[in-house]
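The block underneath contains the structure these notes are about, expressed in structure tokens.
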Protein chains: 2
Amino acid sequence: MTVASIASATLTPRERHARPSTRKKLDRLLMKAAALIADKGFAAMTMRDLGAALDMSLAGLYHYFANKEDLLFQLQYRTFSALLGQQETIAAQPGTPEEQLGRLLTGHLQFFARHTHELKACTFELESLGGAHYRVIEEIRRRYYRMLTSVITQVIRGPTGAARATRQDRHATLFVFGMLNWIFMWYDRTRHGPVEQIGVEMCDLILHGLEHRRRHAGGREAHPRLDDAYQRR
Amino acid sequence: MTVASIASATLTPRERHARPSTRKKLDRLLMKAAALIADKGFAAMTMRDLGAALDMSLAGLYHYFANKEDLLFQLQYRTFSALLGQQETIAAQPGTPEEQLGRLLTGHLQFFARHTHELKACTFELESLGGAHYRVIEEIRRRYYRMLTSVITQVIRGPTGAARATRQDRHATLFVFGMLNWIFMWYDRTRHGPVEQIGVEMCDLILHGLEHRRRHAGGREAHPRLDDAYQRR
DNA sequence: TCCAATTTCGAACGGACGTTCGATATACTT
DNA sequence: AAGTATATCGAACGTCCGTTCGAAATTGGA
């Protein structure tokens, strides 16, 4: 999924009637804003920062955004909608629950790799949104959560029937989201390799646990010692 | 571990010669600051907020802190030192690697339950610290990471010998930290039950994975449907 | 080419921020 | 009771913030 497809995936009524050049510029603004927010946090990013980074006047920004929070909402709305759309497409494809889980993990991580800054702003700045905007984004997140819960429940109970998720199924889902979302804190492609490999390891841990590895240990380290530190900076 | 023991666990030279009443007040300040930071983020918390929450003048705060960032550093330093101290004590006790992992997870979650606000400020505001302070806290975190990596490596390789952690061991450790740290985003005692139960479920997932549950499924839900939403607010 | 819609901008406003300073009040030691 | 260290405070400073406004420049279609 390209950057442009994020933009075209979800459009507000105002955007739909806008000229292509306007949409293109809006994309550029949101992308740069995402980079700044990912770097310093939404509260610490200033509109002056953004204007300077875009070689644009401060007042000019307000032609595209009603206010600072509206900027964050637009960024979160289109990014999360694109992620959810991608993952729902993946989940609709046939396969065993285990296969689906693996594809969903890989899909999420690939989206992360392609849109690191945007997804980070979505993942960590939900609480910076005010009431109405908050609820809109929360509903998208909830749909994603329910989708993954459903798959995880099927992994445990088998694909037959539509068993309701138990409390422990929901907890397991939250654990999985923790693994996925924490990746912002440590992942560095040059140190940890491609995200597809991370996805395989994560899926293995979730499905079989650590003890499963013990029985298959030995000669597993293809690229030894490329990642020493646990956190980049 | 009580709140007071967090304070006495690690003292700066200035604190060591301070009167007990001073230390007590400093505790109160840091605790309230942690609550505000956990709620709105460090950048959004203002010194005026903190003064008002403590019924204290703005200028009065600067008798205890050189500046705003020094406040964050003191909070992170003593909180993280207390957590690391507790976890190192736990890790020093005998037992199989599996038992040690379980005890460490429970210990971390219990610390989280007792010091939610402080630990949240530590977990999510590392990047708000400047160079020198950043490195001090980073080193504490690194020690914690290495300790858990060692245990996880032993779970996979068995307790004999001191095998160096492979790349995949380190990745698994980062996954585990993700599960642990993401709990700030969803946990609510009234919805999800005591943290000890969460610890057991987390340990089960890490050790045996989801498929292990399939074989033991049935009649597992003691307290059904107490947690519907995935996120509180 | 002309016109209307779109886009950009400089300048400014009011407010909130972190921090400082000198003075005053309180607590502990002797 | 005196004296010293500790604690608290009101008021202010300079800076930076989000946002606004009217005017100027630019663009795209007829």
Side-chain angles (χ1 to χ4, degrees), chain A residues 7 11-33 36-37 39-75 121 125 128-131 133, chain B residues 7 11-33 36-37 39-75 121 125 128-131 133:
Chain A
L11 296 176
T12 63
R14 183 179 181 276
E15 287 180 82
R16 227 182 306 275
H17 305 319
R19 297 175 186 169
S21 70
T22 304
R23 281 216 286 264
K24 202 134 188 169
K25 174 123 199 188
L26 185 57
D27 278 4
R28 215 174 68 89
L29 302 197
L30 287 178
M31 189 115 30
K32 199 48 137 179
L36 292 178
I37 293 171
D39 189 44
K40 354 167 40 164
F42 178 70
M45 180 206 78
T46 74
M47 298 299 275
R48 285 171 177 82
D49 283 342
L50 183 57
L54 290 160
D55 266 316
M56 198 175 168
S57 79
L58 175 59
L61 294 174
Y62 283 85
H63 179 68
Y64 296 90
F65 312 109
N67 49 52
K68 193 186 174 190
E69 196 223 301
D70 174 58
L71 182 157
L72 181 63
F73 173 72
Q74 287 193 42
L75 177 62
E125 299 289 355
S128 298
L129 290 176
H133 284 163
Chain B
L11 298 175
T12 63
R14 183 177 180 276
E15 287 179 82
R16 228 184 307 275
H17 305 320
R19 297 174 186 167
S21 70
T22 304
R23 281 213 289 262
K24 202 133 189 173
K25 173 122 200 187
L26 184 58
D27 278 4
R28 214 173 71 88
L29 302 197
L30 287 178
M31 190 114 32
K32 197 52 138 177
L36 291 177
I37 294 170
D39 189 44
K40 353 167 40 165
F42 178 69
M45 180 207 78
T46 73
M47 297 300 273
R48 284 171 176 83
D49 283 342
L50 183 56
L54 290 160
D55 266 315
M56 199 175 164
S57 79
L58 175 61
L61 294 174
Y62 284 85
H63 179 68
Y64 295 90
F65 312 110
N67 49 52
K68 192 187 175 189
E69 195 222 302
D70 174 58
L71 181 156
L72 181 63
F73 173 71
Q74 287 193 41
L75 177 62
E125 298 292 353
S128 299
L129 291 176
H133 284 163

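Throughout, protein chains are lettered first and strands after them, A, B, ... in sequence-line order, and every chain is numbered starting at 1.
Atom CG in A:Leu61 sits about 12 Å away from atom C1' in C:dT7, given to the nearest Å. Taking atom CZ of B:Phe65 as the reference point, atom C1' of D:dT8 lies 15 Å away to the nearest angstrom. Per the geometry, CG belonging to A:Leu50 stands 18 Å off P belonging to D:dC16, to the nearest Å. Between the P atom of C:dC17 and the CG atom of B:Leu36 lies a distance of 12 Å, rounded to the nearest Å. What separates CG of B:Leu54 from C1' of D:dA7 is a distance of 14 Å, to the nearest Å.
Between A:Lys68 atom NZ and A:Tyr62 atom OH the span is 8.5 Å, to the nearest 0.5 Å. Between the CG atom of A:Leu50 and the CE atom of A:Met56 there is a distance of 8.0 Å, given to the nearest 0.5 Å.
For the pair B:Lys25 and D:dT6, the criterion of a side-chain N or O lying under 4.0 Å from OP1 or OP2 is not met. Taking side-chain N and O atoms only, A:Tyr64 has no distance below 4.0 Å to OP1 or OP2 of C:dT6. Phosphate contact (OP1/OP2 of C:dT7, side-chain N/O of A:His63, threshold under 4.0 Å): present.
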Review item, nucleotides 18-22 of chain D N/O atoms under 3.5 Å of protein N/O:
from, atom 1, to, atom 2, distance (Å)
D:dG18, OP1, A:Met45, O, 3.4
D:dG18, OP1, A:Lys68, NZ, 3.0
D:dG18, OP2, A:Met47, N, 3.0
D:dG18, N7, A:Arg48, NH1, 2.8
D:dG18, O6, A:Arg48, NH2, 2.8
D:dT19, OP2, A:Tyr62, OH, 2.9
D:dT19, OP2, A:Lys68, N, 2.8

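Between the A:Glu69 side chain and the A:Gly130 main chain, a donor and an acceptor come within less than 3.5 Å of each other.
With sequence neighbours excluded, the residues forming a side-chain contact (heavy atoms from CB on, under 4.5 Å) with B:Ala53 are B:Lys32, B:Leu36, listed by chain and number.
Counting all heavy atoms, side chain and backbone alike, A:Phe42 lies closest to A:Glu125 at N-OE2, 3.0 Å. The minimum heavy-atom distance linking B:Asp49 with B:Ala44 is given by the pair OD2-O, 4.0 Å.
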